[in-house]
Enquirer: 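After the structure tokens below, expect a handful of questions from me.
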Amino acid sequence: MSDPGNLFNEQLISFLSILANEGATNAARGFGSMVGYELGVTKPNVRMVHLSEIPNLMGGPEKEAVGIYLRIEGDLTGQIMLVIPYEKAFELVKLLLGDDIPLSSELGRLERSALAEVGNLTASFFLNAVATKTGLSVRPSPPAVIVDMVGAILDIVIATTGGITEHVILLGSTFQYQEREVDCEFWVIPDPSALDRFTSGSN
Amino acid sequence: MNIRSVGLGEIVVSRNPEDILVAFGLGSCLGIGLYDPTTHVAGLLHAVLPENPNGSTDPSAKFVNTGVISILEEMKKNGANLQKITIRMAGGANMLTSPALSKTFDIGTRNIAAAHKIFDQLHYRLTAEDVGGNIGRTVRLYIVDGKMTVRVIGSQEKEI
């Protein structure tokens, strides 16, 4: 078997950068129409990283974070995980729901459901861009919201790739509204069997 | 005190009383701690998946079954008396509780089962377990006295 790292070549990364850019712009527009004001989003940076590097990028494996997890289903299969530092998750919820809505000091049902919707929209817009560019049919599963240590959130991805995929495509982006900014990490992990279709679609 | 982080698929064995072996943020992964109170040799395994899929004898610490064999060998090499060791285990959570997603991904439970299986085969008995549920854990093994602790988000370390 070939080294899975080789499957993520330059061509794939540049293709994904285009998709990520379109997807993020679409997602910002989508959020904008949901909340009634224009939300900015920075051009996402796309990187391929080894799974073992992720905890340190997120402030250490014991750091508390919110993960929003979805499966990619259809012609292409894989996983998407949106990761937001715990304290930033509140800011994102406020950004979406406005300051008028009283929030609990913990992530309660309302906050979790708003975050699930963030994952849902982000994934949908990203996958729509994939579908448009490749002609493949892809859709996200319903999202699951996990509040726990970064390491434990990462385990979900590692466990489900069965130890085969050692690399993750990391899309970093920042949502902005006026002076507020919320950084999001967006991990895309195509199933190994899906990578060929991904690249052949980019030709 | 000297923190020695045990990453994904790694084994650390030490007999330095200054060392604390730590596996941070275990979700479905297992932290398996071995300690010989007679020689004060300790080891911690951070296993990711239940069994080496090829059935190969690759001594990879990524898998519970091959990892357990490797850590026992490492302990022995460092002078531990394997007749005297205590074995404690934590982790193996199911991090996805959403009904639509959780069923297919129960790696945590499979990791725990794989650990029981390999220890049974090798005729070792587990001294303590803090496993399952749907919460992440950080595991610490203190070489100085063999104390092993588990910490979850929003709480203090507790000894197992």
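Note on naming: letters A, B, ... go to the chains in the order of the sequence lines (proteins, then strands), and numbering restarts at 1 for each one.
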Enquirer: Contact part of B/N111 toward chain A, heavy-atom cut-off under 4.5 Å: side chain, backbone, both or neither?
Expert: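 For B/N111, no heavy atom lies under 4.5 Å from chain A.
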Enquirer: For B/K76, look at atom NZ and say whether over 12 heavy atoms of other residues, nucleotides or ligands are found less than 6.0 Å away.
Expert: no
Enquirer: Can you name the one residue among B/L96, B/N94, B/I107 that meets side chain to side chain contact (heavy atoms under 4.5 Å, CB included) with A/I156?
Expert: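 By the side chain to side chain contact (heavy atoms under 4.5 Å, CB included) criterion, A/I156 pairs with just one of B/L96, B/N94, B/I107: B/L96.
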Enquirer: Is it the side chain or the backbone of B/V152 that comes within 4.5 Å of chain A heavy atoms, both, or neither?
Expert: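 B/V152 touches chain A through backbone heavy atoms alone.
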Enquirer: Charged N to carboxylate O under 4.0 angstrom, B/R140 versus A/E62?
Expert: yes
Enquirer: I would like to know whether B/L8 and A/D155 meet side chain to side chain contact (heavy atoms under 4.5 Å, CB included); could you show each step before the answer?
Expert: CA-CA 9 Å; B/L8 288 163; A/D155 272 5; 4.0 Å; yes
Enquirer: Take atom CD in B/Q156; do more than 12 heavy atoms of anything else shown fall under 6.0 Å from it?
Expert: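 Counting other residues, nucleotides and ligands, CD of B/Q156 stays at 12 neighbours or fewer.
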Enquirer: Relative to chain A, which segment of B/R137 carries a heavy atom at a distance below 4.5 Å: side chain, backbone, both, or neither?
Expert: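 Backbone only.
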Enquirer: Residues of residues 146-154 of chain A under 4.5 Å from chain B (heavy atom pairs)?
Expert: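 Residues A/I146, A/D148, A/M149, A/G151, A/A152, A/L154 are the ones that qualify, each having a heavy atom under 4.5 Å from chain B.
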